[in-house]
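Structure first, commentary second.
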Amino acid sequence: HQRNPRRKSLPAGTSLHHNLRQRLAKCALVSSGMKVHMEKDVIDQVIETAQRVVASGAISANGHGNVSIRVPGAEEMYYTAATSLRDHPRSGIVRVGLDGTLLEGTLPPIQGAVVAMHTAMYADNAEVGCVLHTHSPYATAYAVAHRPIGCWVEALAMFGLPNGVPVAAYGPRGSDEAVANIRAARMPNVPAVLLANHGVLVFHRSPELAILVGGVIEEAAMAGINAGSIGGPVEIPESLRAAAIQRAMSFTEKGTQNA
């Protein structure tokens, strides 16, 4: 057998070789039942997501909320265990199985109580890669009033919420009743629900999309409340919601233009 002269061996020091060895080692440890330590890059991603949620402004003044990211290829998520997303410490990230079992880290009761809201979204949809929960002020006002947010802002139609944001009936935070209510309220292909008397839950394919949708929901809620003093918000007709989506998609397909 003659070696192909065009094919070069991958140097052992390359990042691809190193990452492959890390992944294989992790799989071996999981198979053997040994403990697997948290991965730095996933922790970095969770911290960055928390920072971007705070920077978006779609959050309460005290920063209360939580972020989780699904670990690709594993039945687990990384989750923010501090009480606030503002200046969240790296030491406060925990690793949790999608069955709710704490695998690594320290999880206080206040944050542990809502883990089931996150794991349920991952269990129900394999495409969900990130879950955000906040008490963003304007959207939470609708949640407290038990009022859904209608599609009166074009961005809702453009980013996957053409029917607005539904309200899940109240249940004690993170309880079986609360999770059942979230599942009952959730609409097909709609990546968010309002939690009655509580806040907002967003679940999407990536942290970027989840943050985007959370911001759009807060913007729509603010517009709705502001419009209330001048006659109330008016929803976009259903036929034109579809047109808004199609136009956004056509420009997305074209990509960024350069002169």
Side-chain angles (χ1 to χ4, degrees), residues 19 22-23 25-56 58-60 62-136 171-176 178-179 182 191-192 195 198-211 214:
N19 290 340
Q22 279 191 323
R23 292 290 180 183
K26 180 176 179 179
C27 291
L29 287 173
V30 170
S31 299
S32 65
M34 294 178 66
K35 186 175 182 179
V36 180
H37 291 292
M38 287 190 280
E39 296 183 15
K40 178 183 179 297
D41 58 341
V42 185
I43 294 175
D44 290 343
Q45 192 177 20
V46 176
I47 291 294
E48 180 186 1
T49 302
Q51 291 172 342
R52 290 180 60 189
V53 170
V54 172
S56 75
I59 196 166
S60 57
N62 57 22
H64 282 181
N66 29 74
V67 168
S68 69
I69 292 179
R70 184 201 294 264
V71 178
E75 291 294 304
E76 59 189 48
M77 67 179 188
Y78 282 30
Y79 176 77
T80 53
T83 56
S84 174
L85 295 181
R86 199 179 303 280
D87 300 320
H88 195 290
R90 295 178 60 82
S91 60
I93 304 300
V94 298
R95 188 166 61 95
V96 182
L98 296 189
D99 61 356
T101 302
L102 178 64
L103 302 175
E104 191 171 353
T106 301
L107 184 60
I110 192 75
Q111 294 298 86
V114 294
V115 161
M117 294 196 311
H118 291 250
T119 56
M121 298 303 98
Y122 295 123
D124 291 353
N125 190 340
E127 291 189 356
V128 171
C130 177
V131 178
L132 306 180
H133 166 54
T134 68
H135 305 152
S136 51
R173 57 193 301 274
S175 64
D176 290 346
V179 172
I182 291 168
L195 307 174
H198 188 176
V200 188
L201 189 69
V202 180
F203 33 94
H204 221 310
R205 295 190 301 276
S206 68
E208 293 77 16
L209 288 171
I211 294 167

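Keep in mind it's a predicted model, so treat the numbers as computed, not measured. For reference, positions follow the sequence shown, starting with 1.
- Heavy-atom minimum distance, Val179 versus Met117: CG2-N, 4.2 Å.
- Between Gln45 and Pro207, the closest side-chain pair of non-hydrogen atoms falls below 4.5 Å.
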Review point. What's the verdict on side chain to side chain contact (heavy atoms under 4.5 Å, CB included) for Val94 and Glu104, showing C-alpha distance, side-chain angles and the deciding distance?
Key: CA-CA 6 Å; Val94 298; Glu104 191 171 353; over 6 Å; no
Exercise for review: For the pair Met77 and Val71, evaluate side chain to side chain contact (heavy atoms under 4.5 Å, CB included) and give the outcome as yes or no after the intermediate values.
Suggested key: CA-CA 5 Å; Met77 67 179 188; Val71 178; 5.7 Å; no
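- The side-chain heavy atoms of Ile93 and His88, taken from C-beta on, include a pair separated by under 4.5 Å.
- Between Asn62 and Ser84 the shortest heavy-atom distance is O-OG, 2.9 Å.
- Applying the side-chain contact (heavy atoms from CB on, under 4.5 Å) test between Phe203 and each of Asp124, Asn125, Val131 identifies Val131 as the sole match.
- In this structure, Arg173 contributes its side chain and Ile110 its backbone to a donor-acceptor pair below 3.5 Å.
- Of all non-hydrogen atoms in Thr49 and Leu132, the two that sit nearest each other are CG2-CD2, 4.0 Å.
- Looking at Thr80, its side chain never comes within 3.5 Å of a backbone N or O of Ala82 through a donor-acceptor pair.
- Without hydrogens or angle criteria, Tyr79 side chain to His118 main chain gives no donor-acceptor distance under 3.5 Å.
- Residue Glu127 places its CD atom among 12 or fewer non-hydrogen atoms of other residues, nucleotides or ligands, all under 6.0 Å distant.
- Looking only at side-chain heavy atoms (C-beta outward), Ile182 and Met121 come within less than 4.5 Å of each other.
- The minimum heavy-atom distance between Cys130 and Ala210, with the atom names listed, is SG-CB, 4.1 Å.
- In summary, Arg95 and Glu76 engage in a salt bridge, as defined by a charged side-chain N under 4.0 Å from a carboxylate O.
- For Arg70 (side chain) and Tyr122 (main-chain N/O), a donor-acceptor pair under 3.5 Å exists by modelled atom type.
- Rounding to the nearest 0.5 Å places CD1 of Ile47 at 9.5 Å from CG of Leu85.
- Nearest heavy atom pair, residue Ala81 against residue Leu107, reads CB-CD1, 3.9 Å.
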Practice item. Take Asn66 and Val114 through the test side chain to side chain contact (heavy atoms under 4.5 Å, CB included) and record every step on the way to the result. Key: CA-CA 9 Å; Asn66 29 74; Val114 294; 3.4 Å; yes
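- Using modelled atom types and a 3.5 Å distance limit, the side chains of His198 and His133 yield a donor-acceptor pair.
- In this structure, a donor-acceptor pair under 3.5 Å is absent between the side chains of Ser60 and His135.
- Pro191 has its side chain out of reach of Leu209: every pair of non-hydrogen atoms, C-beta onward, lies at least 4.5 Å apart.
- No donor-acceptor pair closer than 3.5 Å links the side chain of Thr101 to the backbone N or O of Gly97.
- The minimum heavy-atom distance linking Ser136 with Val200 is given by the pair OG-CG2, 3.6 Å.
- A 6.0 Å sphere centred on CZ of Arg90 holds more than 12 heavy atoms belonging to other residues, nucleotides or ligands.
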